[in-house]
Peer 1: 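Supplied in structure tokens, the structure appears directly below.
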There are 2 protein chains.
Amino acid sequence: MLKTDHIRKENIEITDSFWKKRIELIRNQVIPYQWEALNDRLPETDPSHAIENIRIAAGDKEGEYYGMVFQDSDVAKWLEAVAYSLEHQTDSELEQTADELIDLLGSAQGEDGYLNTYYTIKEQEKRWTNVRDNHELYCAGHLIEAAVAYYRATGKRRFLSIMKRYADYIDRVFGSDEGKIKGYPGHQEIELALVKLYDVTEEEKYLNLSKFFIDERGKQPHFFEVEKKKREEDKPFWFNNDHAYSQAQLPVRDQQEAVGHSVRAVYMYTAMADLAVRTNDDSLKKACETLWENVTKKQMYITAGIGSMEFGEAFSFNYDLPNDLSYTETCASIGLIFWAKRMLDLEVHHEYADTMERALYNGTISGMDLDGKKFFYVNPLEVLPEATEKRHDQKHVKPIRQKWFGCACCPPNLARLIASIGHYIYSKREEELFVHLYMGHETTMDITGQQVEFRQETNYPWDGNVSIEVSPQTDHFFTLALRIPGWTNKAIVKINGEVIDHEPIIKNGYVYIKRTWKANDKVELSFEMTIERVYANPNVRHNIGKVAIQRGPVVYCLEQVDNGETLNAILLPESSTLQADYDTDLLDGVVVVTGEAERIVDSSWENSLYQSAKGEMTSMKIKAVPYYAWCNRKPGEMIVWINEKS
Amino acid sequence: MLKTDHIRKENIEITDSFWKKRIELIRNQVIPYQWEALNDRLPETDPSHAIENIRIAAGDKEGEYYGMVFQDSDVAKWLEAVAYSLEHQTDSELEQTADELIDLLGSAQGEDGYLNTYYTIKEQEKRWTNVRDNHELYCAGHLIEAAVAYYRATGKRRFLSIMKRYADYIDRVFGSDEGKIKGYPGHQEIELALVKLYDVTEEEKYLNLSKFFIDERGKQPHFFEVEKKKREEDKPFWFNNDHAYSQAQLPVRDQQEAVGHSVRAVYMYTAMADLAVRTNDDSLKKACETLWENVTKKQMYITAGIGSMEFGEAFSFNYDLPNDLSYTETCASIGLIFWAKRMLDLEVHHEYADTMERALYNGTISGMDLDGKKFFYVNPLEVLPEATEKRHDQKHVKPIRQKWFGCACCPPNLARLIASIGHYIYSKREEELFVHLYMGHETTMDITGQQVEFRQETNYPWDGNVSIEVSPQTDHFFTLALRIPGWTNKAIVKINGEVIDHEPIIKNGYVYIKRTWKANDKVELSFEMTIERVYANPNVRHNIGKVAIQRGPVVYCLEQVDNGETLNAILLPESSTLQADYDTDLLDGVVVVTGEAERIVDSSWENSLYQSAKGEMTSMKIKAVPYYAWCNRKPGEMIVWINEKS
């Protein structure tokens with residue numbers, strides 16, 4: 001039985017000036033552009049061949065498989081983005097394209113339910129022989145996520161049926177029963193997808209299969225070793241022969257630190273939190289909390305980028321956050337948002353939402369240019385173009401966004417995130433409604449049996465004023481819990497124009513307003529949004545003596561186009577006053593931060609490399625722009641962490 | 001005809017407390033140890049197989065070639081070190097071992113003079129088919145250098161004859177004449193060796209062959225392309241398909257910036273300077289000067305380490321000097337010393353000798369532990385052991401010295417440098433004798449036909465007082481030109497106890513004392529040696545806000561063993577007074593620098609990663625030790641560049 005209340009077409013209408021244009025960009029620009037990419041119609045880019053692979057697998061075309069082993073997942077993420085986009089606005093043409101693609105996927109599905117173009121085209125007989133490396137379950141997971149989203153957005157069941165058939169087949173293949181593969185994917189993803197499938201179908205077997213994958217992981221004898229032996233593979237695993245690459249070095253409940261491939265990690269942590277909520281699993285909850293602490297307190301860049309090492313696209317170790325070598329994959333910060341939202345399901349605490357917000361306004365949307373046409377895979381915090389060109393250890397860092405990638409996981413992932421941004425605003429727990437994010441929108445929600453309209457207005461993230469209109473159909477008692485962002489030093493809360501003393505009703509950073517709400521009740525929030533100088537923990541050796549600028553949730557950076565070259569020679573005096581001004585014309589409208597600074601003068605060095613005298617200083621005015629918007633003008637140097645003069 | 005005046009056995013007797021123990025270490029420890037290594041008798045290290053290869057090539061043994069393609073060069077460098085060691089002290093047993101090895105080399109030599117164990121054993125028919133990659137001329141060069149050194153040290157001609165035969169053969173193979181290979185080595189080395197062979201034999205053909213190799217380099221059509229085509233090799237050259245790897249991207253006279261493999265570069269520049277002197281080649285001199293400017297003013301670490309990139313063991317680009325990723329190979333700094341000494345032959349200028357000295361007291365001898373048993377290949381300026389272990393981009397950096405290397409170029413190179421340290425003290429130009437380096441020694445030199453004894457005494461590098469006794473057999477007029485080190489702010493020069501006004505007789509940083517010297521004349525030099533705070537050019541983005549400590553020629557560092565962990569959290573106030581004290585018991589006796597500093601307190605961060613408040617500071621005393629001596633106690637973190645508090 002499918003639960004029809006999961007269909008929530010156009011449930012949340014985003015009216016926010018910051019996000020609405022991005023959602024429209026996804027709909028009008030990114031989705032069509034990526035469709036062209038998936039169909040190999042983009043000039044001067046690597047072909048994707050993703051749709052062609054499905055056609056070949058479906059028998060509609062002759063040909064060879066081409067692309068990464070996980071090429072199907074690009075299609076899945078695109079379909080998921082389409083689904084979310086259709087929530088905002090119907091588009092019969094787009095929906096028809098999606099339906100046809102879904103039919104094509106149906107044709108590519110095997111009799112038994114199997115659906116993976118790589119194996120179907122290339123190595124039929126080798127299915128499930130390298131679950132560690134070959135992404136079958138990963139692709140399945142993305143397709144399941146897409147199917148759930150498409151069902152929710154459109155109410156159409158075709159795609160969901162296809163994926164239920166595939167999931168049922170996977171359930172027959174994997175598990176602890178005799179004859180099944182006692183294994184789990186090398187790239188986690190299906191775990192969180194199966195929870196979504198469970199939520200929408202309420203079929204326990206999907207939850208159990210997800211739990212099986214999570215519980216089995218890292219146990220001895222090690223599945224990857226067993227599987228490898230079966231393949232008669234004798235070379236050591238490329239990542240230092242360490243299963244930490246895919247967080248399989250230990251059972252998940254024993255893991256204390258984030259290790260390995262950062263996207264795999266956060267996808268897994270997301271599923272762990274999902275399962276902990278749904279199965280009341282305290283040990284799993286504890287593991288999630290421990291890993292969250294580790295990631296956000298020891299391994300996260302100020303932009304919410306994670307994964308500081310190109311090798312393995314991985315976490316390296318605590319406090320190791322080099323700005324110019326970072327990997328900080330767009331997908332990893334997106335995964336951090338998924339995880340943060342699930343942590344809020346485990347416990348409402350502003351720290352989870354703060355991190356979610358940090359990722360939303362910084363390290364994720366930095367992955368796309370303002371036109372939605374070019375993308376960063378890697379989101380570094382410091383770029384010297386010459387270094388990315390000449391230093392081999394920075395080859396992964398691109399100084400400008402790229403049109404498309406051979407491994408094109410990030411662009412469609414960002415598309416599905418932005419298109420579904422509304423999903424991250426609220427959580428509901430019985431008669432409590434939690435507001436995590438502030439952005440203009442309208443929605444109607446069922447709260448303990450009554451429909452309540454909400455209308456939020458704000459100029460976030462440029463100021464901290466938020467107005468929320470609450471209109472139940474008839475007077476209705478419930479709790480509205482509003483997050484006070486961690487970045488503000490002062491919050492004012494008004495109800496119907498009257499300031500309330502909110503301090504006594506704060507818990508974990510949320511103001512709990514319990515009352516009988518009447519139509520047109522209005523809550524006004526005012527979060528003081530000052531320019532903050534942010535310092536990094538002294539264990540972060542790369543940032544000692546440096547300062548970052550943050551205002552509200554937005555992290556700033558200096559670009560060469562505004563501040564000249566050799567950005568590291570700029571010193572920002574500790575005493576310098578910084579000023580914030582909204583500039584409508586700049587970068588689609590941003591608050592710019594300016595201030596007096598100094599610059600070490602090159603010429604005072606007279607062509608010497610080392611000397612006892614410090615260089616002369618000259619005063620200058622710095623101009624900082626939001627990090628997410630960097631590299632939308634003239635390419636050049638960029639830094640987030642600025643040298644400070646104390 | 002061999003020039004017998006090139007035999008200079010025990011010409012310079014080093015009595016210096018700093019260097020004598022190192023020379024003895026080379027003789028008593030390193031040479032025997034490396035002999036064991038070359039003979040595969042070291043436990044727990046990769047076998048060298050270098051001697052075994054020669055035995056097999058000589059037909060004394062059956063077996064396969066093993067080791068790098070340039071394994072012969074390790075033997076050559078060892079023999080060269082033996083030669084220099086024999087200059088200091090006769091050792092009949094060692095000399096006999098060397099003679100036997102030389103006989104073995106003779107047996108391994110082909111009828112035509114060819115001598116290379118790799119090709120002789122493995123690919124007889126493929127000689128000279130891959131001069132770009134396979135080091136035949138490189139090995140030949142090292143063997144020639146060794147043969148010249150052995151002849152000079154012992155007067156024995158056997159080794160030199162072997163190598164003359166090989167050089168004659170190479171001269172028949174390479175050159176611009178019809179039928180000869182119009183090519184040059186991928187790894188430069190033979191060019192400088194042929195100049196040495198010319199110096200000792202006065203046979204012009206060796207000079208001409210060296211000149212041919214240098215002049216031909218980088219011309220179009222490109223030899224490496226021609227050669228590659230002949231091999232029917234179609235894959236692009238691994239170093240970005242760029243001949244800059246071996247400085248063959250342009251004719252040498254057109255090269256403006258140091259590029260590519262740093263050891264190849266400095267070996268080539270050395271030969272270029274050698275040739276410019278001997279052929280009065282102004283364009284070559286100009287190229288040397290341009291490249292010298294570039295290397296020492298834009299691409300050299302404060303330790304005189306060069307090569308900031310692991311990829312290609314190469315120069316990266318101007319001002320790109322990351323402290324933790326540096327390659328700074330021991331061999332490259334050794335090559336920089338070779339080059340500096342040749343630049344002094346082109347023009348006497350203290351900058352050349354200053355750099356030579358910087359390399360001698362820092363980035364070269366740092367490559368060996370104080371016991372002479374373990375070696376660094378890479379000499380980083382910042383080490384966090386966990387990063388070298390966990391960050392793939394730092395895998396080349398070892399946090400502790402190693403016993404031996406699969407590619408063991410550095411240890412024997414360092415051995416030959418230290419054993420021949422006396423060769424770097426002087427240059428002679430007609431009636432001028434230049435003193436570049438200060439270290440205790442005694443020597444007798446022929447100056448315009450008269451034997452003059454010199455006895456230098458000093459406690460260098462720990463203080464700047466030097467006494468030089470000059471004793472000609474009879475009164476004799478000549479110029480003694482004494483370098484005033486670039487690091488001193490004040491110099492006092494006394495002759496026979498009387499201070500002279502030396503300012504008017506300074507030229508390019510040398511005090512030219514022209515006089516008729518009498519027996520037991522005494523020159524006393526006193527160079528003020530203060531602790532200097534050194535800053536890097538602001539274009540070096542990695543060192544902004546940081547300071548290095550230097551005293552005399554010695555660069556200092558902080559080690560974890562003295563200063564606790566998280567060395568980057570230490571801030572050295574600009575106003576803090578630093579103090580120098582000699583500690584007899586520490587690190588074989590060093591001057592230690594101490595001072596008040598501050599440390600950001602970890603606990604004041606309460607487990608947060610980013611915050612608006614700066615951390616609390618606590619005062620501490622820092623203790624800095626000479627960089628060259630780091631990692632001779634408890635391994636741990638090390639930094640050269642210290643964060644400064646202004």
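In what follows, chains carry the letters A, B, and so on, assigned in the order in which the sequence lines appear, proteins first and then strands, with residues in each chain numbered from 1.
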Peer 1: At their closest point, which heavy atom of Trp292(B) faces which heavy atom of Glu351(B), and how far apart are they?
Peer 2: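 Distance-wise, the nearest heavy atoms are CZ2-O, 4.0 Å.
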
Peer 1: Look at Gln550(A), Glu310(A), Gln611(A) and state which one has the largest set of heavy-atom pairs under 4.5 Å with chain B.
Peer 2: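 Between Gln550(A), Glu310(A), Gln611(A), the count favours Gln611(A).
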
Peer 1: Do you know which of Tyr610(B), Tyr319(B), Trp487(B) has the most heavy-atom pairs under 4.5 Å to chain A?
Peer 2: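 That would be Tyr610(B).
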
Peer 1: Side chain, backbone, both or neither: which part of Arg533(B) has a non-hydrogen atom closer than 4.5 Å to chain A?
Peer 2: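 Contact with chain A is through the backbone of Arg533(B) alone.
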
Peer 1: Measuring heavy-atom distances to chain A, does Leu384(B) have an atom under 4.5 Å in its side chain, in its backbone, in both, or in neither?
Peer 2: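 Side chain of Leu384(B) only, per the 4.5 Å heavy-atom cut-off to chain A.
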
Peer 1: Is Val540(B) in contact with chain A via its backbone, its side chain, both, or neither, using a 4.5 Å heavy-atom distance?
Peer 2: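 Contact with chain A involves the side chain of Val540(B) alone.
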
Peer 1: Should the heavy atoms of other residues, nucleotides or ligands under 6.0 Å from NZ of Lys490(A) be counted, would the total exceed 12?
Peer 2: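 Check fails, neighbour count at 12 or below.
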
Peer 1: Please classify the contact of Glu565(B) with chain A as side chain, backbone, both or neither, using a heavy-atom distance under 4.5 Å.
Peer 2: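 The answer is neither part of Glu565(B).
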
Peer 1: Test your reading of the model: is there a side-chain donor-acceptor pair from Glu574(B) to the backbone of Ser646(B), 3.5 Å cut-off?
Peer 2: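 Checking the backbone N and O of Ser646(B) against the side chain of Glu574(B), no donor-acceptor pair under 3.5 Å is found.
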
Peer 1: Under 4.5 Å heavy-atom distance to chain A, tell me which part of Leu571(B) shows up: side chain, backbone, both or neither.
Peer 2: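 It is the side chain, since no backbone atom gets that close.
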
Peer 1: Mind checking whether Thr618(B) and Met620(B) have side chains closer than 4.5 Å, heavy atoms only?
Peer 2: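 No, too far: nothing below the 4.5 Å cut-off.
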
Peer 1: Where does Thr296(B) contact chain A at under 4.5 Å (heavy atoms): side chain, backbone, both or neither?
Peer 2: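 Answer is backbone: N, CA, C or O of Thr296(B) sit under 4.5 Å from chain A.
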
Peer 1: Determine the interplanar angle of the His261(A) and Tyr245(A) rings, folded into 0 to 90°, and report it as parallel if under 30°, tilted if 30 to 60°, perpendicular if over 60°.
Peer 2: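 Rings of His261(A) and Tyr245(A): perpendicular, over 60°.
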
Peer 1: Under 4.5 Å from any heavy atom of chain A, what part of Thr566(B) do you find: side chain, backbone, both or neither?
Peer 2: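 Only the side chain of Thr566(B) comes within 4.5 Å of chain A.
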
Peer 1: Is Asn643(B) in contact with chain A via its backbone, its side chain, both, or neither, using a 4.5 Å heavy-atom distance?
Peer 2: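 When you check distances to chain A, only side chain atoms of Asn643(B) fall under 4.5 Å.
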
Peer 1: If I measure from the heavy atoms of chain A, does Ala613(B) come under 4.5 Å with its side chain, its backbone, both, or neither?
Peer 2: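 Ala613(B) touches chain A through backbone heavy atoms alone.
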
Peer 1: Quick check: closest heavy atoms across Leu572(A) and Ala597(A), and the distance to 0.1 Å?
Peer 2: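 Closest approach of Leu572(A) to Ala597(A), heavy atoms only: CD1-CB, 4.1 Å.
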
Peer 1: What part of Val547(A) is in contact with chain B, defined as an atom under 4.5 angstrom from a non-hydrogen atom: side chain, backbone, both or neither?
Peer 2: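 Contact with chain B is absent: no heavy atom of Val547(A) under 4.5 Å.
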
